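Since the model is a prediction, treat every value here as computed from it, not as a measurement. FYI, the numbering just counts along the sequence from 1.
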Amino acid sequence: MSAPRPLWKNFLRFLAPLMLSNALQSLFGTVSNVYLGHMIGVDALAAVSTFFPVFFFLFAFVMGLSTGATVLIGQAFGAGKHDRIKIVVGTTLAVGLLLSMSVGLIGGLFSRQLMMTLATPADILDQASTYARIMLLTMPLGFTFLLMTAMIRGVGDAVTPLLALALSTAIGLVLTPILIRGAIGITSPAWAAAIANSLTLLALAAYLRRKKHALAPDAALLRHVRLNRAVIGQILGIGLPSAVGMVVMAVAELVLLGLVNGFGSDATAAYGAVNQVMGYTQFTAMSISIAVSILGAQAIGGGDRARLDGIVRTGLAFNLVLTGGLVALIYLAPRAVLGIFITDGAVLDLAEGLLLVALWSSVPFGLATTFSGAMRAAGVALTPMLLSIFAIVAIELPAAVMLSRSIGLAGVWAAYPIVFCAMFVLQMGYYLLVWRRREIRRLV
């Protein structure tokens with residue numbers, strides 16, 4: 001009999017395709033914007049950008065919904081309750097479809113009013129409204145695709161979502177320039193995404209049925225595509241705090257951006273470039289947190305507390321090695337990395353100084369999210385969310401305001417290490433002193 005694979009190898013086997021999947025999700029949007037900017041013009045890019053706040057809000061909710069579902073699926077999978085998996089999946093799809101169809105109908109009818117509410121400039125209002133209408137009307141396809149790929153990971157399968165995202169991204173990237181040349185115009189990325197999601201969902205369904213996957217859309221699963229009040233309560237109890245936490249962080253970023261804008265356009269340009277770079281390090285940390293949450297949920301479902309503790313330790317170690325290693329590599333050549341986004345010498349000098357102040361804070365951020373991910377695996381999401389909001393509202397924002405007034409622009413960036421270190425201490429303290437001493441019960 002072969003020896004069991006070490007935990008770190010299992011963790012890495014799950015984490016690697018998860019990180020690639022998240023990268024692919026970002027790739028389509030980035031390249032589509034390049035297509036729009038080069039093939040149509042800067043006004044098209046600006047019009048699409050005005051829809052981002054709406055997209056982020058909806059994305060936060062669907063990610064919260066999938067987070068709650070994935071925890072329950074992971075626990076059911078760990079407990080060997082495959083019938084329960086189908087109940088959770090069916091209920092999640094029912095909620096997602098109901099929400100997305102409602103959003104699509106209302107948004108399709110009132111997209112222009114929505115864009116006017118967001119103070120869209122008059123010269124791009126028509127383009128922005130048209131783009132928003134198509135995005136909202138095709139929302140059910142996007143919701144279903146995101147929910148399915150996220151829930152498949154709940155049973156420990158990170159490869160299938162990667163393959164699905166690779167196919168969808170490839171279709172979308174091929175179709176977008178074709179549609180632009182075909183005079184579809186600014187809505188080309190939205191239509192390309194809708195077509196790509198449709199074709200990939202069909203291929204995914206066939207693949208899951210052929211593999212007799214736990215989430216295959218068979219008759220048993222389809223019977224459970226309905227609103228189950230008890231399961232909805234469990235999903236939202238985990239998912240809503242996660243969604244609210246994302247929204248609060250986004251609002252805080254808008255406040256910080258307002259402070260940065262006060263120092264001039266060079267500061268704003270530097271802010272954008274530094275955020276792009278830090279996004280990659282934080283993206284690595286968040287991927288590790290998701291892996292801890294899913295693998296931890298499976299351990300809780302199987303009643304293996306010792307394995308859960310090992311998963312947390314492994315997550316912390318991977319954050320130090322991967323997130324910390326990436327941070328160290330960037331510190332070796334910060335100007336070269338920032339030069340990908342900036343060509344102006346003065347802005348590059350400014351951005352380099354700001355990056356040196358803030359970049360290392362991605363490591364305590366990752367450590368904090370590891371602890372919150374472990375607690376989320378047991379269905380405990382409210383308290384970690386409240387601790388994060390407290391750190392943002394009571395520590396980050398006041399620190400940014402006071403330090404920007406006393407030491408200038410660098411003070412805004414100094415708020416990042418301050419808040420991420422505070423989050424790390426708060427999440428670790430609650431995990432070790434309170435949560436870990438309680439009995440952990442699975443939810444399924």
Side-chain angles (χ1 to χ4, degrees), residues 15-16 19-20 22-27 29-31 33-34 37 249-250 252-289 316-370 392 395-397 399-401 403-424:
L15 177 64
M19 292 179 64
L20 288 173
N22 289 336
L24 283 173
Q25 283 182 310
S26 302
L27 178 64
T30 300
V31 178
N33 284 343
V34 172
M249 289 187 70
E253 283 297 317
L254 291 176
V255 174
L256 294 182
L257 178 59
L259 293 175
V260 170
N261 288 342
F263 289 92
S265 59
D266 282 0
T268 303
Y271 171 88
V274 173
N275 260 359
Q276 287 279 347
V277 175
M278 288 189 65
Y280 285 99
T281 56
Q282 291 176 4
F283 149 82
T284 302
M286 289 301 298
S287 296
I288 295 170
S289 175
L316 294 172
F318 269 104
N319 259 299
L320 292 173
V321 172
L322 295 181
T323 309
L326 182 57
V327 166
L329 286 174
I330 295 172
Y331 270 130
L332 290 175
R335 290 185 71 84
V337 175
L338 288 167
I340 298 172
F341 308 99
I342 301 173
T343 56
D344 184 275
V347 178
L348 186 58
D349 290 338
L350 182 60
E352 182 181 10
L354 300 177
L355 186 68
L356 296 178
V357 171
L359 182 62
W360 68 270
S361 65
S362 296
V363 176
F365 170 78
L367 299 176
T369 59
T370 297
I392 291 169
I395 299 175
E396 180 185 27
L397 296 181
V401 172
L403 290 174
S404 66
R405 291 173 179 173
S406 59
I407 62 175
L409 180 61
V412 179
W413 288 100
Y416 283 93
I418 292 171
V419 71
F420 289 152
C421 287
M423 283 184 181
F424 170 47

Chemist: To the nearest 0.5 Å, how far apart are CZ in F263 and OG in S404?
Modeler: 5.0 Å
Chemist: Taking all atoms of both residues into account, what is the closest heavy-atom pair of A422 and I395, and its distance?
Modeler: CB-CD1, 3.7 Å
Chemist: Can a donor-acceptor pair be found, under 3.5 Å and without considering hydrogens, that links the side chain of T284 to the backbone of Y280?
Modeler: yes
Chemist: Could you check V277 against L338 for side chain to side chain contact (heavy atoms under 4.5 Å, CB included), going step by step and ending with a plain yes or no?
Modeler: CA-CA 7 Å; V277 175; L338 288 167; 3.8 Å; yes
Chemist: So, for G324 and V363, which heavy atoms are closest and what is the spacing to 0.1 Å?
Modeler: CA-CG2, 3.7 Å
Chemist: Is there side-chain contact between S287 and L15, with heavy atoms separated by less than 4.5 Å?
Modeler: yes
Chemist: What closest approach, in Å, do W360 and Y331 show between heavy atoms, and which atom pair accounts for it?
Modeler: N-OH, 3.2 Å
Chemist: Just verifying a value: how many Å separate I418 CD1 and M423 CE, rounded to the nearest 0.5 Å?
Modeler: 12.5 Å
Chemist: Testing the basics here: between N319 and G366, what is the closest heavy-atom pair and its distance to 0.1 Å?
Modeler: ND2-O, 3.1 Å
Chemist: I need the minimum non-hydrogen distance between L256 and A400, along with the two atoms involved.
Modeler: CD2-CB, 3.4 Å
Chemist: Quick one: CD1 on I330 to CG on L355, what's the gap to the nearest 0.5 Å?
Modeler: 7.0 Å
Chemist: Side chains of E396 and Y416: closer than 4.5 Å at any heavy-atom pair?
Modeler: yes
Chemist: Set out, in order, the CA-CA distance, both residues' side-chain angles and the distance that settles side chain to side chain contact (heavy atoms under 4.5 Å, CB included) for L350 and L409, then state yes or no.
Modeler: CA-CA 9 Å; L350 182 60; L409 180 61; 3.8 Å; yes
Chemist: Return the CH2 to CE distance between W413 and M278, rounded to the nearest 0.5 Å.
Modeler: 6.5 Å
Chemist: Which heavy atom of V357 sits nearest a heavy atom of A410, and at what distance?
Modeler: CG1-O, 4.4 Å
Chemist: First locate atom OG of S289, then atom CD of Q282, and finally report the distance between them rounded to the nearest 0.5 Å.
Modeler: 12.5 Å
Chemist: Looking at CE of M19 and CE of M286, how far apart are the two atoms once the value is rounded to the nearest 0.5 Å?
Modeler: 12.5 Å
Chemist: Looking at L320, is its backbone amide N or carbonyl O close enough to the side chain of T323 to form a donor-acceptor pair, meaning the two atoms are under 3.5 Å apart?
Modeler: no
Chemist: Going by the side-chain contact (heavy atoms from CB on, under 4.5 Å) test, name the single residue among L354, V337, T281, L326 that passes it with L359.
Modeler: T281
